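Here's the structure we're looking at; comments come further down.
The structure presented is a predicted model; accordingly, all values stated were derived computationally and were not measured.
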Amino acid sequence: MALLALNRLISIRRERRRRRNKARSKRFPLGLSALHLSEGGSITKSVRRKYSPCQQDDDSQGGKMMTNSGVTLPEDIWSYILSLMPMRDAARAACLSRAILRSWRCHPNLTFNEDALGLNDNACETDFTSKVDHILKNHSGIGVKRFKLSVHCKLDNCDYVDSWLQFAITPGIEEITVMLSGNKPQFNFPCSLFSDKIAYSIRCLELGNCAFHPTIELGPLRNLKRLHLSCVRISGDELACLLSNSFVLEQLELKYCKKIVSLKMPCVLQQLNCLNVLECKRVQVIESKAPNLSSFSFSGNKVKLSLVESSQVKNLYMCSSNIICYARSDLPSIVPNVETLAVASHCEMVDTPMLPTKLLYLKHLTISLFAWTFSRAYDYFSLVSFFDASPLLEVFVLDIYQESMEHESIFESSSHLRQMPEYHHEHLKSVTISGFCSAKSLVELTCHIVENTTSLERLELDTTHGNARCSEDSSDECFPVSQGVLTESPRAVLAIRGYIEGKIPTNVKLNVLEPCSRCHAGGG
């Protein structure tokens with residue numbers, strides 16, 4: 001709707017350009033300020049405005065505003081239309097009439113990044129700060145709902161950020177995003193700005209590369225639903241203080257927060273449903289008493305995990321060393337109701353054991369193995385343990401990343417293929433193995449799936465590590481493939497043709513992906 005209204009205004013403006021320009025000199029007093037976009041995309045001020053920011057113009061009557069093109073709409077409709085537009089588009093629309101200009105000066109969404117300001121990647125601090133200052137000077141400061149600041153250039157003077165926040169953080173603001181570069185000294189986010197009215201209205205807070213030290217004096221953030229902290233200096237106690245006063249929090253994400261050692265979700269977080277803890281290297285304990293937590297993601301060093309009181313967890317992602325064995329041995333008791341599980345290991349020292357514990361509700365399983373860091377050849381066949389533990393499993397994805405094939409090849413082994421005919425899988429429908437190679441244990445795993453899964457509908461064996469292909473994304477060339485993959489891929493295809501293809505039932509669709517012959521001709 002916003003774009004349609006804007007296009008209509010532009011077309012009317014073009015059709016009546018001569019008449020509008022002639023009338024404009026009579027209708028606009030000399031002191032009126034208008035915003036226009038320069039060729040470089042920056043927003044500039046042409047003349048100083050003598051009107052109050054939200055005062056009604058002469059061409060507005062009965063709460064309605066008329067553009068120079070004769071389009072009459074209620075004032076709140078103009079404000080709503082502009083609120084749906086990105087800041088640069090709203091500024092363009094403000095050029096059409098002073099009626100829209102007034103609504104622009106109360107634009108609720110202020111987004112400052114290199115793209116919105118028309119800056120290139122080489123922009124310096126002065127380029128960025130001068131444009132932000134200029135825009136804020138032309139804004140009334142009234143009605144700001146969303147303030148988003150993303151600075152990629154280094155700021156030597158963080159006083160700018162302080163002044164911008166003081167301007168924008170006013171009662172009624174709902175979203176605050178401050179993402180800075182690695183400034184030193186680090187910017188200290190001013191908690192003092194959170195008055196009772198501001199703390200009540202905030203729904204989303206995202207901070208990056210700064211210090212944040214909330215205390216008990218901050219008071220409750222009664223409507224805070226989303227909290228994202230990235231590279232933020234905050235202690236576990238300070239975070240606990242904040243969480244204990246965030247009663248309706250739904251999403252919490254912590255990335256590279258190096259001061260947190262112990263992370264505990266209190267039971268007052270009744271609405272928390274998503275928790276992401278990524279690369280917080282010093283975290284040793286994660287405990288959740290949030291009863292409705294349904295999605296949990298973790299990457300980093302091994303931690304003591306307690307989600308016993310968060311039995312509703314349905315989606316779980318974990319990336320760590322030896323995480324595959326941990327997922328099989330410990331997760332059935334920690335997340336008994338998990339339905340979607342993704343685990344990624346960059347150092348798996350132990351094969352997956354056969355255990356009596358079950359993942360009774362697991363339907364989607366993704367396992368990623370970064371094999372180039374392994375000090376031993378992982379036994380892929382041991383993953384059968386997950387099939388045995390997951391009677392309702394429907395989708396299985398195995399991603400293998402390795403520069404060269406270090407496992408025993410099916411062509412070099414004199415022993416028979418291992419089998420487990422006593423294990424049958426009645427719900428497994430789709431299997432994808434990316435990075436398929438001629439490793440004997442991987443061929444054994446694939447044969448086991450084919451021979452013991454009556455419900456199987458689709459089997460995809462990708463020998464290219466899942467790299468994008470020119471035929472898939474319309475690019476000129478495929479994504480680069482390592483020489484090790486190009487060397488191993490023909491052997492993997494031979495293993496498929498010789499040991500797997502003949503065992504596949506006719507009702508199962510087999511898809512074998514090889515390196516593109518056009519982009520990688522002669523690579524093997």
CA sep, side-chain torsions, deciding dist, call: His213, Glu238, side-chain hydrogen bond (donor to acceptor under 3.5 Å, both in side chains): CA-CA 6 Å; His213 304 297; Glu238 291 167 337; 3.0 Å; yes

Check the pair Leu341 / Leu331 against side-chain contact (heavy atoms from CB on, under 4.5 Å), numbers first and verdict last. CA-CA 10 Å; Leu341 173 62; Leu331 289 187; 3.9 Å; yes

CA sep, side-chain torsions, deciding dist, call: Val132, Tyr160, side-chain contact (heavy atoms from CB on, under 4.5 Å): CA-CA 9 Å; Val132 175; Tyr160 287 106; over 6 Å; no

Quick one: do Ser297 and Asn276 satisfy side-chain hydrogen bond (donor to acceptor under 3.5 Å, both in side chains)? Show the steps, please. CA-CA 5 Å; Ser297 297; Asn276 299 328; 3.3 Å; yes

Would Glu488 and Ser438 count as a side-chain hydrogen bond (donor to acceptor under 3.5 Å, both in side chains) here? Give the steps. CA-CA 8 Å; Glu488 174 59 25; Ser438 64; 2.7 Å; yes

Would you please test Ile169 and Ile202 for side-chain contact (heavy atoms from CB on, under 4.5 Å) and show each step? CA-CA 10 Å; Ile169 299 181; Ile202 291 179; 5.5 Å; no

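With values rounded to the nearest 0.5 angstrom, Leu442 atom CG is found 7.0 Å from Ile500 atom CD1. Between Phe396 atom CZ and Leu428 atom CG the span is 8.5 Å, to the nearest 0.5 Å. We find the CZ-CG distance between Phe212 and Leu227 to be 7.0 Å, quoted to the nearest 0.5 Å. Distance CG/Leu365 to CG/Leu359: 8.5 Å, rounded to 0.5 Å. Atom CG of residue Leu117 and atom OG of residue Ser150 lie 10.5 Å apart, to the nearest 0.5 angstrom. Note that the CZ atom of Phe370 and the OG atom of Ser321 stand 12.5 Å from one another [nearest 0.5 Å].
Pairing each heavy atom of Leu224 with each of Leu205, the nearest pair is CD1-N, 3.9 Å. The two atoms that bring Ser345 and Ile323 nearest to each other are CB-CG2, 3.8 Å, heavy atoms only. Taking every heavy atom of both residues into account, Leu243 and Lys264 meet most closely at CD1-O, 4.1 Å. Across Lys145 and Ile173, no two heavy atoms sit closer than the pair O-CG1, 3.5 Å. A pairwise comparison of heavy atoms in Cys241 and Asn245 identifies O-ND2, 3.3 Å as the closest pair. Summarising the geometry of Leu445 relative to Phe381, their closest heavy-atom pair is N-CD1, 3.7 Å, with the distance given to 0.1 Å.
In summary, the aromatic rings of His448 and His425 are positioned with their centroids under 6.0 Å apart.
Atom OH of Tyr200 is surrounded by 12 or fewer heavy atoms from other residues, nucleotides or ligands within 6.0 Å. Within a 6.0 Å radius of CZ in Arg458, more than 12 heavy atoms belonging to other residues, nucleotides or ligands are found. Around the NZ atom of Lys509, the shell of radius 6.0 Å holds no more than 12 heavy atoms that belong to other residues, nucleotides or ligands. Atom CG of Asn511 has more than 12 heavy atoms from other residues, nucleotides or ligands within 6.0 Å.
Judged purely by distance below 3.5 Å, without hydrogens or angles, the side chains of Asn223 and Arg203 never pair a donor atom with an acceptor atom. In summary, the side chains of Thr464 and Glu514 do not present any donor paired with an acceptor at a separation below 3.5 Å, with no hydrogens or angles considered. Using a 3.5 Å distance cut-off with no hydrogens or angles, the side chains of Ser409 and Arg491 do pair a donor with an acceptor. A donor-acceptor contact under 3.5 angstrom links the side chains of Arg328 and Thr357, judged on distance only. Between Ser299 and Tyr317, the side chains place no donor N or O within less than 3.5 Å of an acceptor N or O (distance only, hydrogens not considered).
Electrostatic pairing of Arg226 and Glu206 counts as a salt bridge here, judged by a charged N lying under 4.0 Å from a carboxylate O. A salt bridge links Arg418 with Glu444; the closest basic N to acidic carboxylate O contact falls under 4.0 Å. With salt bridges taken as basic N to acidic carboxylate O contacts below 4.0 Å, none links Lys259 and Asp237. Electrostatic pairing of Lys503 and Glu451 counts as a salt bridge here, judged by a charged N lying under 4.0 Å from a carboxylate O.
Aromatic ring pairs are classed by plane angle as parallel below 30°, tilted from 30° to 60° and perpendicular above 60°; the pair Tyr380 and His407 is parallel. Ring geometry, Trp164 versus Phe128: the interplanar angle falls from 30° to 60°, so the pair is classed tilted. Note: Phe187 and Phe189 have perpendicular aromatic rings, judged against thresholds of 30 and 60 degrees for the angle between ring planes.
Of the options Val335, Ile324, Leu305, a side chain to side chain contact (heavy atoms under 4.5 Å, CB included) to Met318 is made by Leu305 and by none of the others.
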